[in-house]
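Proteins get letters first, then strands, A, B, ... in listed order; numbering begins at 1 in each.
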Number of protein chains: 2
Amino acid sequence: MVQYLHARLDASFAALSDVTRRGVLEHLGRADASITDLADEFRMTLTGMKKHVSVLEQAGLVVTEKVGRVRTCKLGARRLEEETAWIERYRMQWDERFDELDRVVAERVADELKRKKKNDAYQKRK
Amino acid sequence: MVQYLHARLDASFAALSDVTRRGVLEHLGRADASITDLADEFRMTLTGMKKHVSVLEQAGLVVTEKVGRVRTCKLGARRLEEETAWIERYRMQWDERFDELDRVVAERVADELKRKKKNDAYQKRK
DNA sequence: ATAATACTGAACCATATGGTGCAGTATTTA
DNA sequence: TAAATACTGCACCATATGGTTCAGTATTAT
């Protein structure tokens, strides 16, 4: 299971990296649609849109069903939980990392202050 | 500004769609690293790793600075806020959409029950 | 001064991506 | 039955991606 996680993240982030596909997901969030509907909305050939839908379907973000001659696309079962989890983990690391940098900077500033005080005291004594 | 958002999302989701690059981000979340460090860790030529780092840098996720002969890579200023925001919005839509489906299903079930009751009553009367 | 290190740029390669057009099939509509 | 619709598969195209090697340059260590 775990060994597939990387591939899953690869597929879904790649699916999200195209403005048309994000648009399709947003559309399907509002209403189901046929390939023709989507191709019209995004000014593209049926063949082109079909490819995008396939990418989204591969990533599990969309499911489709063909009844009669029309294939209807809906949102899939995946809610991008793993993707969110990855990003959340990353952000926590990011925060820690920058807090650390802040601490280092703060320390340096404190040292500098101390050095200055000492020096001032020395100057006074002179 | 807004017209660049799509391009930004394209770039960062694409940057995240590669397992090596996600690995690099995780490494940099722990510690800064040179190109050589990263190339070693991910078993890759310097040239190959340099390209990955460039992609991450283009996406604003990493910043680098060359001092002497070594280029040091650190996490960039971007915290993937826009990416998280996009996904969050998507999930809300997703939830709404599936709640709606649930309602529709619930309604259908309720109707079915009603029909059945009526039918039962009819059968009894017979 | 020499040698080793760290990167960089260019060229190359195989494969993937994002599109197109065209020809065909299956399904509806008139 | 004929025409229109909706999709599908294939071939094609230009460009991008993820990698490599090789030949540099600049910096650092011996």
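Rounded to whole angstrom, the span from the CZ atom of Arg71(A) across to the C1' atom of dT25(C) amounts to 14 Å. In this structure, CD of Gln58(B) is placed 13 Å from P of dA16(D), rounded to the nearest angstrom. The CG-C1' distance, from Asp37(A) to dT5(D), rounds to 13 Å in whole Å. Rounding to whole angstrom units, NZ of residue Lys66(B) and C1' of dT27(D) are separated by 9 Å. Atom CZ of Phe42(B) and atom P of dG19(D) are 11 Å apart (whole Å). Computed from coordinates, the Leu56(A) CG to dT17(C) C1' distance equals 14 Å when rounded to whole Å. Nucleotide dG18(D) holds its P atom 12 Å from the CE atom of Met49(B), rounded to whole Å. The interatomic distance linking Lys51(A) (NZ) with dC13(D) (C1') rounds to 10 Å, in whole Å.
Here Gly48(A) lies in heavy-atom contact (under 4.0 Å) with a base. As judged by a 4.0 angstrom heavy-atom cut-off over every strand, Ile35(A) is placed among residues touching the sugar-phosphate backbone only. Looking at heavy-atom distances under 4.0 Å, Thr47(A) makes contact with a base.
Here the nucleotide nearest the side chain of Lys50(A), chosen from dG9(D), dT20(C), dG18(D), is dG9(D).
Distances shown here put every side-chain N or O of His52(A) at or beyond 4.0 Å from the OP1 or OP2 atom of dT17(C). Proximity of Arg69(A) to the phosphate of dA4(D): no side-chain N or O atom is located under 4.0 Å from OP1 or OP2.
Between the side chains of Trp86(A) and Glu26(B), at least one donor-acceptor pair of N or O atoms lies under 3.5 Å.
Using a 4.0 Å cut-off between a side-chain N of Lys or Arg and a carboxylate O of Asp or Glu, Arg8(B) and Glu83(B) do not qualify as a salt bridge. Using a cut-off of 4.0 Å between Lys/Arg side-chain N and Asp/Glu carboxylate O, Asp32(B) and Arg97(A) are scored as salt-bridged.
Taking the six-membered ring for Trp and thresholds of 30 and 60 degrees, Phe13(B) and Phe13(A) have nearly parallel ring planes, at less than 30 degrees apart.
Counting heavy-atom neighbours within 6.0 Å of Gln58(B) CD, excluding the residue itself, gives a total of 12 or less.
Annotation: of the two residues near DNA chain C, Gly68(A) and Leu46(B), the 5′-most nearest-nucleotide partner is Leu46(B).
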